[in-house]
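The structure appears below as structure tokens.
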Number of protein chains: 2
Amino acid sequence: MIRVVVADDQALLRGSFRVLVDSEPDLEVVGEAATGSEAVALAMNARPDVVLMDVRMPEMDGIEATRRIRDVCRVLVVTMFDLDSYVYDALRAGASGFLLKDTPPVDLLAAIRVVASGEALLAPKVTRRLIEEFTRTPAVPRVKGLDGVTEREREVLTLIARGLSNNEIAAHLQVSLATVKTHITRLLAKVEARDRAQLVIAAYESGLVSTAG
Amino acid sequence: MIRVVVADDQALLRGSFRVLVDSEPDLEVVGEAATGSEAVALAMNARPDVVLMDVRMPEMDGIEATRRIRDVCRVLVVTMFDLDSYVYDALRAGASGFLLKDTPPVDLLAAIRVVASGEALLAPKVTRRLIEEFTRTPAVPRVKGLDGVTEREREVLTLIARGLSNNEIAAHLQVSLATVKTHITRLLAKVEARDRAQLVIAAYESGLVSTAG
DNA sequence: TTCAAGGTCAACCCCTGGGTTGACGTGCGC
DNA sequence: GCGCACGTCAACCCAGGGGTTGACCTTGAA
């Protein structure tokens, strides 16, 4: 038996969800909450498997409530608004699912079972945008460590990561431009970078330099 | 009527998909392909709405095939293996959906309709991992120094900070090299940087990107 | 409707950055 | 003594990055 809590500030909606859920033999509503804080308290006491969570609620919104109970049960966010920020915030807060209130009842019930089983499920519209968000940033070319990089090379790398040109580096280190270029060619090979931009990335990612904040 | 192409190297599986799909009044199979290249050719000629695409196929795999037809129709990848790399590669290649072959027939049919409508749908297991991947990178706290930089420019800057070359950025954003160069020229002025290395620095220092740790 | 801003694109030019090869000197360990 | 790692330097080549100008289109605000 999958134990469900319904958290929504509209009593009417809670009621219909309860009827819907209780009509299934393997599901049961073990509590209702009208605010975020009530939802948190209920999750702690009633120990449901899944909480159907609205986003907009008095006292504490569904996002914050999700964040507080993410470790004690699964959260399925069900909202009227598919705003990007709602979706992203909910997922980061630990929600296992995100559905819109126009979801057919049968799909909602299926979603509860999916979430209870430890998997995740999103409304198709939400899925599409999450994929867009995901593909927005390409696979990041992983950065190699700084093993094998000599002291001098590390020095040059630091200056590159400060934004200096080859000539400026040469002047700063009191060596010829040719020497700087040699160091850089070797750095590119050792760090497996393609150009100085990727060297800057390597410098940050390896911790050689870090954001000043 | 939603027009469907089935691409899979197993004739038996193509047959059962065809029977399943054709049993629906609003769906029809307009072609079958046994290889990736066949799938591409078929997509160009038959102009289906949705291609059911296997990943492992002779000649050309489903990922590459997806990449080549992403602009002419939707692709729903259906595979036996839910390997992370398959999922990520398929989504980056432009797939609108990713299902496993153990999906119940009724769900597969529903998925075809969802994908045909322009939305997206993933197997619950896949959804869960995509969310994990998404939340792995924390929300960027940023705001600093990047005033006056447009959304598109910010996007380009992010890609530069990932180490992409201008050509790669153009390919990723689906625009010409000239456009990318224009954005970069403006970025250099606005951010007061001299070259892309300094742009990478600006991206890190402004919090637009941050070290993965 | 007009204008500004943002996004897109092309053609041109110039120069730095990066690849390649080869060289010389130092200090170190074997 | 010898080899080796490291730092130094030069000459050459060229592809890509970056600057400049000017253009078109769409959107939204004035």
Side-chain angles (χ1 to χ4, degrees), chain A residues 84 132-133 135-138 141 143-204 206 208-209, chain B residues 70-71 142-143 145-204 206 208-209:
Chain A
D84 277 8
E132 277 171 16
E133 178 66 25
T135 56
R136 207 173 53 75
T137 55
V143 166
K144 252 303 202 51
L146 261 42
D147 319 310
V149 174
T150 70
E151 196 49 44
R152 194 60 158 172
E153 285 161 359
R154 206 186 308 274
E155 208 171 344
V156 172
L157 180 52
T158 304
L159 296 178
I160 289 176
R162 295 295 179 213
L164 301 212
S165 71
N166 290 352
N167 271 315
E168 288 167 346
I169 294 174
H172 190 268
L173 295 181
Q174 301 268 54
V175 298
S176 83
L177 176 61
T179 301
V180 174
K181 293 180 72 170
T182 302
H183 286 313
I184 292 179
T185 296
R186 290 179 183 156
L187 271 171
L188 291 170
K190 289 181 181 175
V191 181
E192 290 181 10
R194 185 175 48 191
D195 50 40
R196 70 201 293 106
Q198 291 190 354
L199 283 181
V200 175
I201 297 173
Y204 275 98
S206 69
L208 214 209
V209 301
Chain B
R70 60 180 303 168
D71 293 325
R142 80 129 232 331
V143 275
L146 264 42
D147 317 311
V149 175
T150 70
E151 197 47 46
R152 195 58 157 172
E153 286 161 357
R154 206 188 306 275
E155 210 170 343
V156 171
L157 180 52
T158 304
L159 297 178
I160 288 176
R162 296 289 185 218
L164 302 215
S165 71
N166 289 352
N167 271 314
E168 289 168 345
I169 294 173
H172 185 76
L173 295 182
Q174 305 263 56
V175 299
S176 83
L177 176 61
T179 301
V180 174
K181 294 179 72 170
T182 302
H183 285 311
I184 291 179
T185 296
R186 290 178 184 157
L187 269 172
L188 291 169
K190 289 181 182 176
V191 182
E192 291 182 10
R194 183 176 48 192
D195 50 39
R196 69 202 292 100
Q198 291 190 353
L199 284 182
V200 174
I201 296 172
Y204 274 98
S206 70
L208 181 63
V209 301

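Letters A, B, ... are given to chains in the order of the sequence lines, protein chains preceding strands, and every chain is numbered from 1.
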Select base, sugar-phosphate, or nothing to describe what [X] touches, counting heavy atoms under 4.0 Å on all strands.
| X | value |
| --- | --- |
| L177(B) | nothing |
| N167(A) | nothing |
| S176(A) | sugar-phosphate |
| T150(B) | sugar-phosphate |

Could you check how far [atom1] of [X] sits from [atom2] of [N], rounded to whole Å?
| X | N | atom1 | atom2 | value |
| --- | --- | --- | --- | --- |
| K190(A) | dA5(D) | NZ | C1' | 9 Å |
| H183(B) | dA5(C) | NE2 | C1' | 13 Å |
| R186(A) | dC4(D) | CZ | P | 16 Å |
| L164(B) | dG16(D) | CG | P | 15 Å |
| L199(B) | dG18(D) | CG | P | 7 Å |
| Q198(B) | dG17(D) | CD | P | 16 Å |
| D195(B) | dA15(D) | CG | P | 22 Å |
| E151(A) | dG27(C) | CD | P | 18 Å |

Considering just the side-chain nitrogens and oxygens of [X], establish if one lies under 4.0 Å of OP1 or OP2 belonging to [N].
| X | N | answer |
| --- | --- | --- |
| S165(A) | dT16(C) | no |
| T182(A) | dT8(D) | no |
| T179(B) | dC9(C) | yes |
| N166(A) | dT16(C) | no |

Of I184(B), L188(B), T182(B), the residue whose pairing with R186(B) passes side-chain contact (heavy atoms from CB on, under 4.5 Å) |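 Of all the options given, the one that passes is T182(B).
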
Nearest-nucleotide 5' precedence on DNA chain C, R152(B) against R196(A) |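 In this pair, the answer is R152(B).
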
Salt bridge flag under 4.0 Å for residues E168(B) and R162(B) |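 Looking at R162(B) together with E168(B), the answer is no, because their closest N to O distance does not fall below 4.0 Å.
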
Which pair of heavy atoms, one from [X] and one from [Y], lies closest together, and at what distance?
| X | Y | answer |
| --- | --- | --- |
| G163(A) | I201(B) | N-CD1, 3.3 Å |
| Q198(A) | E192(A) | OE1-O, 4.4 Å |
| R196(A) | A197(B) | CG-CB, 3.9 Å |

